[in-house]
Amino acid sequence: MKLYNTLSHSIEEFKPNEPGKVKIYTCGPTVYHYAHIGNMRNYIGHDVLVRTLKYLGYEVTRAMNITDVGHLTSDSDSGEDKMLKEAHKEHKTCMEIADFYTKAFFDDFYALNCLKPDIIKPATGEIDMYIKIITKLLKDGYAYESGGNVYFDVSKVKDYYQLTNHVADKMVVGAREGVEEDSAKRNQADFALWFTTSKFSHQELQWDSPWGKGYPGWHIECSGIAIKYLGEYLDIHGGGVDNIFPHHTNEIAQSESYLGHKWTNYWFHNEHLLDSSGKMSKSNGAILTVSVLKEKGYDPLAFRFMVLNSHYRKQLLFTYDNLNQCEATLDKLRTRILNIKDEGEMDKNLFDKYNNKFIEEISNDLNTANALSVLYEVLKDDEVNGHTKLELIRNFDQVFALDLLPKHTSLENEDEILKLIDKRNEAKKQKDYELADSIRADLLSKGIELIDTREGTTYKIINN
Ligand code: AMP
Ligand code: ZN
């Protein structure tokens, strides 16, 4: 598989540390608010990567954190904790805020058919690990105590800006407009590993540490959780492009200084989803979430389909026109597939031909749009019999996860639904609208929604 590696700024052949096995870490959400559809684009990107690796036969172990402490409102270490700010606003405790938005996040995550990471850890549960790392960094001279906090000294690492391709050299924290100078730091680019009461005495969640009661910085959380649960050598680590600096840059500095060797081989970054006002952001007022799209009547997978139609390394502009189009196209696609009769024997040659084409596209730096074109080629090819087509679609959908084939229902089998659709069509022909409507309502009560398109009637299972 070929994968773009932010570390080398080029597309590379992917080789895991251990043959056949992949360890991957995804930066999880900061749960002070709902995750918007921009955040979810990033998680769809990671899901496609994981599904592709599994499709290629790798055994994948994936970990993700939940940031429930330490992510401050600015890149410098002078802002307020995002969780605490929201807790004050909503008159709740930080943990109540974290629980509520963590649940909301996973509701949307699963509605998009994203696979559950094997390991999911809230940052507040791993304090001992951060203390262990910081203690060693202090002992080895990579960190220092100042003004009540513990900071990482970036001048101690050889190539601190490697991940940014050195563009961030010019925008060092402290040199940028609007970022407050922190007089406790030796270099303005240094970053906090541990905050103590001297800095934020009003912080709600605090833990004892050798440096006083306090709480961890955001970056140390991901290093700590990744190293604790995935070991000293990581194959892939990823997030959105805004994580490259300072978050991932700092993760590399502290992890490699702690471990004494290279840590992550491939850095995977998803470009942003934009709206008409620019980059979507949680602090940007009204938040468009997957649940809101659902309330408006959209199938969350229409949004997934929209994301798969673009490349993960290109910015994508969200518009309702585009989403409407994607939903209509996905409905048509499902209808076409529903009308394929499961006939004929498996044609191994044609199966391999198209499956190889699919693999070629998907393993070419996750070219999902081209992989979807292969699906259309299969549908169009009259040489491929129904049974082989359905098998190919079933396989491709392990990566797309667009529910291209109807899910199992509470009805005995799919035939029964198809018979009812035929019966309803016949009723409509006979102008017996009462019967037609009652069939539709009956199916709806069983969680099956009928969708009429120009190509015919299809259905979808509604996740209530
Ligand atoms: P946060 O919850 O703010 O920590 O963000 C969760 C993830 O979403 C991070 O990996 C970000 O890089 C990513 N992200 C934030 N905004 C966007 C956006 N507009 N489009 C795509 N990804 C984003
Ligand atoms: Zn992270």
Side-chain angles (χ1 to χ4, degrees), residues 6 24-49 62-75 79 81-83 85-86 97-98 101-102 104-106 108-109 112 114 117 120-123 126 130 163 191 216-230 234 236-255 263-264 267-285 287-290 303 306-307 310-318:
T6 313
I24 170 167
Y25 184 86
T26 304
C27 285
T30 310
V31 286
Y32 70 101
H33 216 314
Y34 293 108
H36 52 64
I37 56 172
N39 299 123
M40 293 332 259
R41 181 199 188 185
N42 172 52
Y43 295 109
I44 293 171
H46 282 250
D47 189 62
V48 169
L49 172 63
R62 178 188 182 198
M64 185 170 90
N65 68 301
I66 303 291
T67 300
D68 53 1
V69 69
H71 195 166
L72 306 187
T73 49
S74 90
D75 283 349
D81 186 305
K82 290 187 179 192
M83 297 293 303
K85 195 174 167 193
E86 189 61 26
I97 294 287
Y101 290 113
T102 300
F105 171 79
F106 281 109
D108 288 357
F109 189 84
L112 291 166
C114 290
I120 301 170
K121 294 289 168 190
E126 308 297 337
Y130 318 141
L163 198 64
F191 56 92
W218 170 37
H219 317 298
I220 196 74
E221 298 173 3
C222 287
S223 290
I225 293 171
I227 293 170
K228 179 168 172 188
Y229 292 97
L230 296 173
L234 197 54
I236 307 174
H237 188 133
V241 283
D242 58 312
N243 285 155
I244 296 173
F245 186 83
H247 186 46
H248 290 162
T249 297
N250 291 347
E251 277 194 55
I252 294 175
Q254 67 201 3
S255 300
W263 174 46
T264 298
W267 285 87
F268 173 74
H269 291 104
N270 282 255
E271 251 303 345
H272 281 148
L273 182 72
L274 312 175
D275 61 17
S276 51
S277 65
K279 180 196 160 214
M280 286 195 175
S281 110
K282 286 188 196 179
S283 43
N284 233 356
I287 287 188
L288 182 54
T289 65
V290 170
F303 176 64
M306 179 173 163
V307 171
S310 69
H311 193 259
Y312 77 93
R313 283 196 293 118
K314 290 216 172 89
Q315 290 190 337
L316 173 63
L317 179 68
F318 175 82

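All ligand and atom numbering here is 1-based and tracks the order in the structure. Reckoned from all heavy atoms, side chains included, excluding hydrogens, waters and symmetry mates.
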Tell me if the aromatic rings of Tyr312 and Phe268 count as close, with their centers under 6.0 Å from one another.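 Yes; Phe268 has its ring centre under 6.0 Å from that of Tyr312.
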Check the side chains of Tyr229 and Glu126 for a donor-acceptor pair under 3.5 angstrom, ignoring hydrogens and angles.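 Glu126 vs Tyr229: donor-acceptor pair found between side chains.
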How about Asn65 and Tyr25: does a side-chain donor come under 3.5 Å of a side-chain acceptor?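 Tyr25 and Asn65 do have a side-chain donor-acceptor pair below 3.5 Å.
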Please could you name the atoms of ligand 1 that [X] approaches to less than 4.0 Å, counting only its heavy atoms?
X: Asn39; value: 5 (O), 6 (C), 7 (C), 8 (O), 13 (C), 14 (N), 15 (C), 16 (N)
X: Thr30; value: 1 (P), 2 (O), 4 (O)
X: Tyr43; value: 6 (C), 7 (C)
X: Asn243; value: 9 (C), 10 (O), 11 (C), 12 (O)

For the pair His247 and His219, name the ring-plane relationship: parallel under 30°, tilted 30 to 60°, perpendicular over 60°.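 The arrangement is tilted - the two ring planes meet at 30° to 60°.
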Closest approach of Thr67 to Met83 (non-hydrogen atoms, all atoms of both residues):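 Heavy atoms of Thr67 and Met83 come nearest at O-SD, 4.2 Å.
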Give a yes or no on whether the backbone of Ile252 and the side-chain of Ser223 come within a donor-acceptor separation of less than 3.5 Å.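 No: the side chain of Ser223 does not pair with the backbone of Ile252.
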If only atom types and distance count, is the side chain of Tyr43 paired as donor or acceptor with the main-chain N or O of Thr26 below 3.5 Å?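 No; judged by distance alone, with no hydrogens or angles, the pair does not exist.
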Is Met40 close enough to touch ligand 1? Criterion: a residue heavy atom under 4.0 Å from a ligand atom.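 In this structure, Met40 fails to qualify as a contact of ligand 1 - no heavy atom is under 4.0 Å.
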Would you check whether Thr67 reaches within less than 4.0 Å of ligand 1, judged by its heavy atoms?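 False for this residue.
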N/O/S atom of His248 inside 2.8 Å of the Zn ion (ligand 2), strictly under: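 Within the cut-off used here (under 2.8 Å), His248 places no N, O or S atom near the Zn ion (ligand 2).
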Judging by distance only, is a nitrogen or oxygen of [X] under 3.5 angstrom from one on ligand 1?
X: Arg41; answer: no
X: Gly240; answer: yes
X: Pro29; answer: no
X: Trp218; answer: no

Please compare Ala35, Gly38, Gly238, Gly239 and report which has the shortest non-hydrogen distance to atom 21 (C) of ligand 1.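 Going through Ala35, Gly38, Gly238, Gly239 one by one, Gly38 has the nearest heavy atom to atom 21 (C) of ligand 1.
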Passing option when Leu288 is tested against Leu273, Asp275, Ile37 for side chain to side chain contact (heavy atoms under 4.5 Å, CB included):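 When Leu273, Asp275, Ile37 are each tested with Leu288, the side chain to side chain contact (heavy atoms under 4.5 Å, CB included) holds only for Ile37.
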Scan Met64, Glu221, His248 and name whichever one has a side chain to side chain contact (heavy atoms under 4.5 Å, CB included) with Cys27.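 That would be His248; it is the only one of Met64, Glu221, His248 passing the side chain to side chain contact (heavy atoms under 4.5 Å, CB included) with Cys27.
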In His247, what N, O or S atom is nearest to the Zn ion (ligand 2), if we give its atom name?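 For His247, the N, O or S atom at the smallest distance from the Zn ion (ligand 2) is NE2.
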